[in-house]
Amino acid sequence: MSRRILAIGIVVGGALLAACTQQSGSEGSNETAADAGAWQAPKTTWGDPDLRGKWPISHLIGTPFTRPAKYGDRRYMSDQEFAETEVGLEGRNTAYDKEIKDNKMGMGHWAEATVPQRLTSLLVDPPSGQFPDLTEAAKVKAPLMGSSWGRTAFDKPTDFDSWDRCITRGLPPSMFPFNYNNGIEIHQAPGYVVIRLEMIHEARIVPVDGRPALDPAVKQWMGESRGHWEGDTLVVETTNFNGQGGMTNVGIPGSPRGNTPTSTKMKITERFERTAEDTIEYSMTVEDPDVLTRPWTAAYPMKLDPNYQFFEYACNEDNTAVRNFIVTSRYERAHAGKGKQQ
């Protein structure tokens with residue numbers, strides 16, 4: 001274990017050093033593109049497309065994962081619908097100031113401000129924006145998954161999901177917005193891309209040096225990723241999942257109610273294409289024949305924000321909340337109805 005931690009430290013450290021020392025390479029590429037009169041994707045000094053920077057997805061908090069039925073197959077809102085969305089977000093974005101004025105602390109201190117988007121949903125395929133039907137086996141497994149979002153009786157730690165226990169959000173959920181901690185930062189070094197996540201403070205290390213995938217017998221919460229370049233697009237394929245995480249989570253706005261299971265056969269293909277100085281077009285396609293009757297794809301724009309600040313996600317696996325939930329749940333069930341009988 002210590003060797004793996006040391007290796008991760010060396011890779012992340014090298015990526016950080018490269019981000020600092022090689023920035024001039026990107027700037028030089030941009031100057032050349034400007035001279036040519038058209039924007040071109042920047043390159044690192046070792047020749048890879050340059051995706052480095054902070055790409056938080058806070059601007060997508062107000063965009064639901066699945067599409068409200070009123071939009072049908074439309075991916076974008078009309079002008080009127082967009083204007084209504086702007087009005088709807090005003091209360092959220094002023095909640096913090098109102099709580100400060102009223103000397104109170106509520107969701108305004110937790111929920112980050114956001115900006116309206118024309119996207120009707122993050123899910124783009126199926127075209128309806130609706131989550132695919134589950135297989136019969138998945139329908140049996142789904143109600144058995146632990147989570148504090150819907151379950152009311154708790155007896156053991158596994159009655160909670162991996163996010164509740166501060167282990168991981170897992171994939172796909174780690175790449176989707178939440179009410180806070182939406183930071184995503186990309187580092188690069190020769191042969192590697194590192195995707196740093198603010199929520200649960202994880203770093204996805206993606207080799208892009210052509211090495212083979214891990215043995216299928218090796219299973220992990222976040223799977224194991226391998227990347228390659230298709231022109232200026234980074235393509236990341238992730239397999240080797242342990243099948244214990246959720247494919248969706250109620251905490252992601254607009255997600256299906258209840259956790260959606262995964263299996264060890266899940267495969268995720270992501271694409272990162274920098275289309276402007278401040279934009280990466282991101283997409284994720286998820287396949288899992290044991291769970292889904294068909295694959296699904298989500299897509300959204302990532303926006304560069306060099307001033308975004310990452311905050312510590314102060315959470316640990318020995319979180320006392322888990323114990324408190326269990327003790328309280330057992331007490332309430334043991335004393336259910338006693339108060340009415342007296």
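The structure displayed is predicted, hence computed values, not measured ones.
Ion pair Arg118/Asp79 flagged as a salt bridge, since at least one NZ, NE, NH1 or NH2 atom sits closer than 4.0 Å to an Asp/Glu carboxylate oxygen. Electrostatic pairing of Asp155 and Arg333 counts as a salt bridge here, judged by a charged N lying under 4.0 Å from a carboxylate O. Here Glu202 does not pair with Arg204 in a salt bridge; the nearest charged N to carboxylate O distance is not below 4.0 Å.
Taking the six-membered ring where the residue is Trp, Phe131 and Phe65 present tilted rings, their angle falling between 30° and 60°. Classification of the Tyr300-Tyr282 ring pair by plane angle, with boundaries at 30° and 60°, yields tilted. Ring geometry for Phe160 against Phe325 counts as perpendicular: the plane angle is over 60°, on a 0 to 90° scale with 30° as the lower cut.
Counted by atom type alone, Thr293 and Asp133 present zero donor-acceptor pairs between their side chains at under 3.5 Å. Side-chain atoms of Asn179 and Arg92 form a donor-acceptor pair, as typed in the model, at a separation below 3.5 Å. Side-chain atoms of Thr44 and Gln188 include no donor-acceptor pair closer than 3.5 Å. If you check the side chains of Thr279 and Lys303, you find a donor sitting under 3.5 Å from an acceptor.
Contact annotation: the side chain of Ser329 never approaches that of Val327 to less than 4.5 Å [non-hydrogen atoms, C-beta and beyond]. In this structure, the side chains of Thr158 and Gln244 stay at 4.5 Å or more apart for every pair of heavy atoms. Within the 4.5 Å cutoff, the side chain of Pro172 has heavy atoms near those of the Met247 side chain. In this structure the side chain of Trp163 reaches within 4.5 angstrom of the side chain of Phe178, judged on heavy atoms.
For Asp232 against Lys43, the heavy-atom pair with the smallest separation is OD1-NZ, 2.7 Å. Across all non-hydrogen atoms, the minimal contact from Asp159 to Ala153 is OD2-O, 4.2 Å. The two atoms that bring Asn181 and Phe311 nearest to each other are ND2-O, 3.7 Å, heavy atoms only. Nearest heavy atoms, Tyr76 versus Thr120: C-CG2, 3.7 Å.
The number of heavy-atom neighbours closer than 6.0 Å to CE of Met107, taken from other residues, nucleotides and ligands shown, is above 12. With a 6.0 Å radius and a threshold of 12 heavy atoms from other residues, nucleotides or ligands, Tyr96 has its OH atom at or below the threshold. Counting heavy atoms of neighbouring residues, nucleotides and ligands inside a 6.0 Å radius, atom CH2 of Trp229 exceeds 12 of them. A 6.0 Å sphere centred on CD of Glu230 holds more than 12 heavy atoms belonging to other residues, nucleotides or ligands.
Note: the hydrophobic cluster containing Leu304 also contains Leu234 (ILVMFWY, side chain heavy atoms under 4.5 Å, direct or indirect links). Residues Tyr180 and Leu89 do not share a hydrophobic cluster, clusters being chains of Ile/Leu/Val/Met/Phe/Trp/Tyr side chains in contact below 4.5 Å.
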